[in-house]
Amino acid sequence: EDIVPFHGQHQAGIATPMQDRMHIAAFDVTVEGRDELVALLKDWTAAIEHLMKGADVGEFGATGGNYDAPPEDTGEAIGLPASHLSVTVGFGRTLFEDSRGPRFGLQGRIPAALIDLPHFPGDALEEARSGGDLVIQACADDPQVAVHAIRNLARIGFGRARVRWSQIGFGRTSSTSTSQMTPRNLFGFKDGTANLKAEEQKALDTHVWVGGNTGNEAWMNGGTYLVARRIRMHIETWDRTSLGEQETIFGRTKREGAPLSGGTEFSEPDFAMPGRGGPIMPVDSHVALAHPSANGGVQMLRRGFNYTDGSDGLGRLDAGLFFIAFVIDPRTHYVPMQNAMAKNDALVEYLKHTGSGLFAVPPGIAQGQFLGQSLF
Ligand code: HEM
């Protein structure tokens with residue numbers, strides 16, 4: 001079956017084996033008042049339940065309604081299977097804040113982990129590609145199915161929530177299940193080898209799922225945090241660097257994805273093994289800086305996608321990695337690593353972070369509930 005279950009302890013699209021395509025959109029809510037927000041979340045929940053089953057949205061769908069009215073469903077997914085569609089909803093810090101006047105009365109419910117991400121060295125963030133009150137991540141094995149989901153959810157939100165930014169990812173850059181082959185990023189390297197996998201229940205509880213919260217933060221139990229970074233990659237510069245240099249930058253071989261210290265793809269890197277000019281795994285390699293041993297043992301569930309948005313008018317591809325990671329707490333599981341990488345990672349020279357977002361992803365729901373219900 002190609003249907004991802006909608007109901008459950010956690011939302012779909014996180015530990016779900018990674019699909020091939022993604023369309024993610026951030027929204028700003030334009031209405032005020034808690035009832036309006038809850039109504040929007042209820043409408044979205046009903047639609048998402050239909051979409052993930054491969055069904056049209058609405059009671060009458062794409063063609064069954066009033067002949068003199070616009071159809072409830074836009075129709076471009078008619079005849080397409082569910083394609084493992086998963087839709088994941090998260091809340092940005094601005095949704096809670098009353099700084100622009102009272103909105104939904106949620107100021108007191110901001111989880112401490114839902115911080116304003118700090119400025120990282122080298123950040124070149126574009127306002128129009130960053131932030132947002134809400135995020136909706138749609139992943140599927142068919143791009144048309146993912147785009148159909150976001151389009152119809154945006155349409156349902158029309159007049160209530162405005163799309164702030166959106167991004168299409170055309171290929172997964174990670175694997176989140178041991179049953180999957182490791183895909184490659186646009187630098188040509190296997191990506192996702194040392195990722196957390198759905199099968200590692202204990203590690204997910206330690207590094208991804210929020211649990212044990214009480215009081216004002218209890219609503220996040222079973223949830224997680226979504227870090228989004230649009231990272232442009234300087235493809236043309238990269239393509240002029242030697243194979244040796246490329247492998248030194250990651251600390252892994254290009255074809256096999258094995259650590260430079262030896263073995264095969266899934267061998268553990270040996271950071272102490274001496275080479276000619278220092279350790280064989282360069283200290284400024286991406287893997288040396290991102291490895292749990294350099295980060296107090298923290299791990300993250302990476303679930304990013306390759307993107308290409310045409311070219312930039314100077315003949316260069318506007319391409320890169322739309323980085324998505326799910327973590328239990330971005331203060332411990334993302335910020336320190338990103339800071340270390342921004343300062344020391346040999347890879348940084350080839351990257352530019354152009355968009356950013358941090359969202360609290362509420363837990364999954366049971367039949368009859370709506371997404372985010374625990375917050376209200
Ligand atoms: C590992 C690529 C950005 C965190 C890797 C690997 C590659 C890679 C090829 C080795 C294979 C693997 O284990 O998956 C990239 C590229 C990036 C990027 C091309 C930017 C365009 C980031 C960022 C973070 C990050 C922003 C987090 C702040 C990690 C982690 C690992 C990893 C935690 C696993 C390290 C280990 O346990 O060995 N990345 N990465 N990466 N990366 Fe990245």
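Side chains included, hydrogens not; waters and symmetry mates left out as well; all remaining heavy atoms used. Read the numbers this way: they start at 1 and go in the same order the structure lists the ligands and their atoms. For the single chain, residues carry numbers from 1 onward in sequence order.
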- Which protein heavy atom lies closest to atom 9 (C) of ligand 1, and at what distance to 0.1 Å? Lys190 O, 3.2 Å
- Query: Step by step, would you call Leu106 with Leu375 a side-chain contact (heavy atoms from CB on, under 4.5 Å)?
  - Reply: CA-CA 9 Å; Leu106 294 172; Leu375 176 59; 4.0 Å; yes
- How far is atom 19 (C) of ligand 1 from its nearest protein heavy atom, and which residue and atom is that? Asn185 ND2, 3.6 Å
- Message: Can you tell me which portion of Arg252 lies within the under-4.0 Å heavy-atom range of ligand 1? Options are side chain, backbone, both, or neither.
- Response: side chain
- Would you say ligand 1 has an N or O under 3.5 Å from any N or O of His291? no
- Intermediate values then yes/no, salt bridge (Lys or Arg N to Asp or Glu O under 4.0 Å), Arg255 and Glu265: CA-CA 9 Å; Arg255 182 162 296 274; Glu265 185 188 345; over 6 Å; no
- What closest approach, in Å, do Lys197 and Thr178 show between heavy atoms, and which atom pair accounts for it? CD-N, 3.9 Å
- Note on the structure: With heavy atoms and a 4.0 Å threshold, my read on which part of Leu351 contacts ligand 1 is side chain
- Contacting atoms of ligand 1, where contact means under 4.0 angstrom from a heavy atom of Leu321: 16 (C), 17 (C), 19 (C), 21 (C)
- Note on the structure: When distances are taken from atom 37 (O) of ligand 1, the protein heavy atom at minimum range is Pro292 CD, 3.3 Å
- Query: Do you know which two heavy atoms are closest between Ala113 and Leu358, and how far apart they sit?
  - Reply: O-CD2, 3.9 Å
- Note on the structure: Of all protein heavy atoms, the one nearest atom 14 (O) of ligand 1 is Gly192 N, 2.5 Å
- Query: If Ile, Leu, Val, Met, Phe, Trp and Tyr residues are connected whenever their side-chain heavy atoms lie under 4.5 Å apart, and connections chain through other members, are Phe170 and Leu80 in the same group?
  - Reply: yes
- Message: Does atom CD (Gln9) have a neighbourhood of more than 12 heavy atoms from anything else shown, all under 6.0 Å?
- Response: no
- Nearest-neighbour protein heavy atom for atom 21 (C) of ligand 1, which is reported as residue plus atom name and distance: Met233 SD, 3.3 Å
- Distance to 0.1 Å, residue and atom name: give those for the protein heavy atom nearest to atom 13 (O) of ligand 1. Ala194 N, 2.8 Å
- Fellow cluster residues of Val147, listed by chain then number, with links counted only when side-chain atoms sit under 4.5 Å apart: Ile168
- Message: Under a 3.5 Å threshold, yes or no: a donor from one side chain and an acceptor from the other, between Asp133 and Thr94?
- Response: yes
- Query: Which atoms of ligand 1 are found less than 4.0 Å from any heavy atom of Tyr334?
  - Reply: 28 (C)
- Query: Is it true that Asp309 and Arg232 have a side-chain N and a carboxylate O under 4.0 angstrom from each other?
  - Reply: no
- So which heavy atom in the protein is nearest atom 12 (C) of ligand 1, and how far is it from that ligand atom? Thr193 N, 3.3 Å
- Item | Exercise: do Arg230 and Thr354 side chains pair donor with acceptor under 3.5 Å | yes
- Side-chain donor-acceptor pair under 3.5 Å between Thr173 and Asn306, yes or no? no
- Query: For ligand 1, is there an N or O atom under 3.5 Å from any N or O atom of Met341?
  - Reply: no
- Query: Does any donor atom in the side chain of Asp345 or His286 lie under 3.5 Å from an acceptor atom in the other side chain?
  - Reply: yes
- Message: Among all the protein's non-hydrogen atoms, which is closest to atom 26 (C) of ligand 1, and how far away is it?
- Response: Gln338 OE1, 3.3 Å
- Note on the structure: What lies under 2.8 Å from atom 43 (Fe) of ligand 1, restricted to protein N/O/S atoms, is His286 NE2
- Single hit among Arg303, Arg302, Arg184, Lys254 for salt bridge (charged side-chain N to carboxylate O under 4.0 Å, His left out) with Asp191: Arg302
